[in-house]
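Here is the structure we will look at.
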Amino acid sequence: MRSHCLGILQKQVLRLVIAGIVLSGFGTGTLITGCKKARLFTHLDSIPAQPSQLHIFNNFGYNDSMALSIDGLRRENMKQYGFSSYYPSSSAFNQNSEQPNSKQIKIFDALNSTQFANAINNSIFQFLPNTSYIGIVSYNTYDTNYSPKKNTIPTLRFYPEDLYHPFSGTTGVRMLNATAVYQGYYNISLTLSPNKGQGTSLALSAANLSNQPASYSTTQQGLKKCVLNIAFDYNLTAQLIFFPVELQDAKNYTFIPVGDMVNYKNGKEPLPRLFVVEDGVPSSLRELTLSNLNYINNVGSTKVTVVNGVYNIPVPGEANNNIGFDVRFNDVKTNVIRWPGKLTGTGEDVGLSTYFTITDSTSAVKAAMGRVSTVNLSNSGPVSVTVTPAKAFSPLYRNFNYNFESNLSYTLCLLPDNGTSNTMNHIVLKNDLAPDPKLFRLRIVNLMGGTTEVDVHSGSASGTVIASNVGFGEATNYLSFTPTTLQQNLYVTEVGSTTPLFQTGRYDKPISLPFMAGNSGTIYLMGLPSGKPYSGDAGFFKPYVYYQSDAYINRNNFLQSAQLFIIL
């Protein structure tokens with residue numbers, strides 16, 4: 001009998017020791033410093049069930065910290081863009097009606113504890129057995145005209161967090177959208193490349209809220225280029241490109257984009273960011289480094305703007321109104337005119353001297369804008385570019401190859417040759433697709449024949465030089481300016497001079513435009529300065545100036561492309 005009782009006592013002590021070890025594994029100190037996944041969870045039936053657990057990622061972009069309360073007790077202040085501790089369910093070993101497997105979760109402002117006190121996120125969260133969860137907050141963008149950001153209340157969402165992955169030669173990946181959302185068109189996706197082979201990619205959409213087992217896509221281990229596409233406007237998509245991240249085999253990763261794209265474009269919030277964490281190892285959380293930001297209209301396409309500054313190549317046969325050039329990119333074609341048509345009759349306006357302002361609605365001014373055209377190329381890579389006179393396929397004046405990259409924007413500038421009438425030159429420029437909501441960005445391109453180098457002044461021909469030594473066939477970098485809605489008057493001179501190059505006499509008109517915030521654009525100087533007619537033509541071609549919008553991030557402050565100066 002004594003031996004039998006001793007055996008029972010030893011077994012009971014052993015059970016208590018095992019239970020103590022198991023329960024101590026979920027102590028706050030252990031879980032803050034990270035957990036071994038094999039220790040937390042297993043899918044082997046021979047080991048007793050483990051407690052469910054959750055931890056919360058604080059992605060609320062309008063607070064530096066957020067407090068967390070569980071079961072009526074304030075537990076901790078969560079660091080912004082960081083994880084809370086893991087909190088296990090109290091009923092994993094005793095799942096019955098008297099002790100439900102659930103917790104009351106509340107988040108609130110750490111500085112103003114009443115802000116979220118009565119919010120709908122004071123909720124009861126129900127655990128599933130043997131399941132780990134990751135929680136994030138969901139919130140809408142704010143509109144300072146109607147609802148200040150201090151009134152923006154976040155709510156909690158929970159997703160299963162898989163802590164087990166078979167060694168099958170694959171890596172599990174998924175994306176949880178933690179950016180601010182708003183009413184209207186909004187879509188977010190993440191592309192990882194390569195995916196199971198060079199030249200392929202994997203597109204991840206935001207995971208849906210679900211208490212079902214965590215859903216992942218699979219890819220292979222190695223370095224991954226991450227591209228985050230946020231379509232927040234019917235006509236505009238922000239594309240955030242990050243430096244590659246290393247993914248390891250037989251592990252699951254969750255990508256978490258955070259921030260507020262709508263209020264970024266309005267200059268109110270920082271640019272969204274992207275984090276990645278290995279599920280079950282919160283200490284592995286890291287932010288990816290942004291390498292490039294683009295704004296694009298058609299994801300997957302390449303936009304090419306053709307600007308025709310050529311006048312030296314004659315039109316074929318009889319001169320008709322607005323005859324120009326066909327520019328082909330493989331099998332895609334666009335047309336740009338050589339010179340505007342006359343106000344009356346046929347032929348071009350060579351030799352006319354009537355000045356029209358930008359607000360003039362005559363057909364001649366509209367025709368002047370036909371020197372610029374845009375095409376979208378569906379395929380990136382080497383492109384054969386040919387330029388021929390419209391309505392004629394010979395002679396072939398220019399043929400060159402260029403490797404256009406997808407999701408970028410370019411400008412092809414056709415350059416005149418001042419010494420011959422049978423050739424033209426060209427330059428290809430990459431356009432700025434990352435305007436700053438707090439700046440106006442401007443580039444100057446000199447396509448004006450008969451010039452060597454020019455300066456561009458602000459206010460007057462003797463005013464501040466904003467762009468200097470711009471050579472013929474050259475472009476400045478994008479220059480950043482403090483934005484203003486007031487018209488800014490620009491003048492062009494020869495380098496080092498304070499005498500206007502063409503804005504003189506009755507043509508003393510400024511190149512006028514507002515420096516609107518959130519816009520990137522290019523001013524093209526074209527034509528010929530006064531007194532420098534092209535030697536190969538009986539007439540002469542006068543200067544004109546065109547502004548091309550390259551990118552913008554707020555359609556309410558969109559600076560449209562326009563003819564800024566023209567002499568016909």
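Keep in mind it's a predicted model, so treat the numbers as computed, not measured.
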Q: Sequence neighbours left out, what pairs pass salt bridge (charged side-chain N to carboxylate O under 4.0 Å, His left out) with at least one residue falling in residues 424-436?
A: Glu405-Lys430, Asp432-Arg441
Q.
Please enumerate all residues that pass side-chain hydrogen bond (donor to acceptor under 3.5 Å, both in side chains) together with Ser291, with sequence neighbours excluded.
A. none
**Q.** Residues forming a salt bridge (Lys or Arg N to Asp or Glu O under 4.0 Å) with Lys225, sequence neighbours excluded
**A.** none
Q | Side chains of Asn399 and Thr386, donor plus acceptor under 3.5 Å | A | no
Q.
Among residues at least two apart in sequence or on other chains, which ones pass side chain to side chain contact (heavy atoms under 4.5 Å, CB included) with Pro437?
A. Tyr264, Ile553
Q) Which residues pass the ring-ring contact (aromatic ring centres under 6.0 Å, His included) test with Phe275, sequence neighbours left out? A) Phe57, Tyr81
Q. Is the backbone of Pro194 close enough, under 3.5 Å, to the side chain of Lys224 for a donor and an acceptor to pair up by distance?
A. yes
Q.
List the residues meeting ring-ring contact (aromatic ring centres under 6.0 Å, His included) with Tyr62, not counting sequence neighbours, and say none if there are none.
A. Phe60, Tyr139, Tyr142
Q: Could you list all the ring pair (Phe, Tyr, Trp, His ring centres under 6.0 Å) pairs where at least one residue sits in residues 425-451, not counting sequence neighbours?
A: Phe400-His426, Phe440-Phe515
Q.
Just to verify, what does Asp550 make a salt bridge (Lys or Arg N to Asp or Glu O under 4.0 Å) with, not counting sequence neighbours?
A. Arg443
Q. Distance only, no hydrogens: is a donor on one side chain within 3.5 Å (strictly under) of an acceptor on the other, for Tyr295 and Ser520?
A. no
Q: Would you please name every residue forming a salt bridge (Lys or Arg N to Asp or Glu O under 4.0 Å) with Glu474, sequence neighbours left out?
A: none
Q) Does the side chain of Leu228 reach to within under 4.5 Å of the side chain of Met175, using non-hydrogen atoms? A) yes
Q. Would Arg371 and Tyr524 count as having a side-chain donor-acceptor pair, cut-off 3.5 Å?
A. no
Identify each donor-acceptor pair in which a side-chain atom of residues 461-471 lies under 3.5 Å from a protein atom, sequence neighbours left out, and give them as a table.
from: Ser462; atom 1: OG; to: Ser460; atom 2: OG; distance (Å): 3.3
from: Asn469; atom 1: ND2; to: Glu453; atom 2: OE1; distance (Å): 3.3

Q. Can you check whether Leu501's main-chain N or O pairs, donor with acceptor, with Gln503's side chain at less than 3.5 Å?
A. no
Q. Can you list the residues that meet the side chain to side chain contact (heavy atoms under 4.5 Å, CB included) rule with Thr452, with sequence neighbours excluded?
A. none
Q | ring pair (Phe, Tyr, Trp, His ring centres under 6.0 Å): pairs with one or both residues in residues 457-476, sequence neighbours excluded | A | none
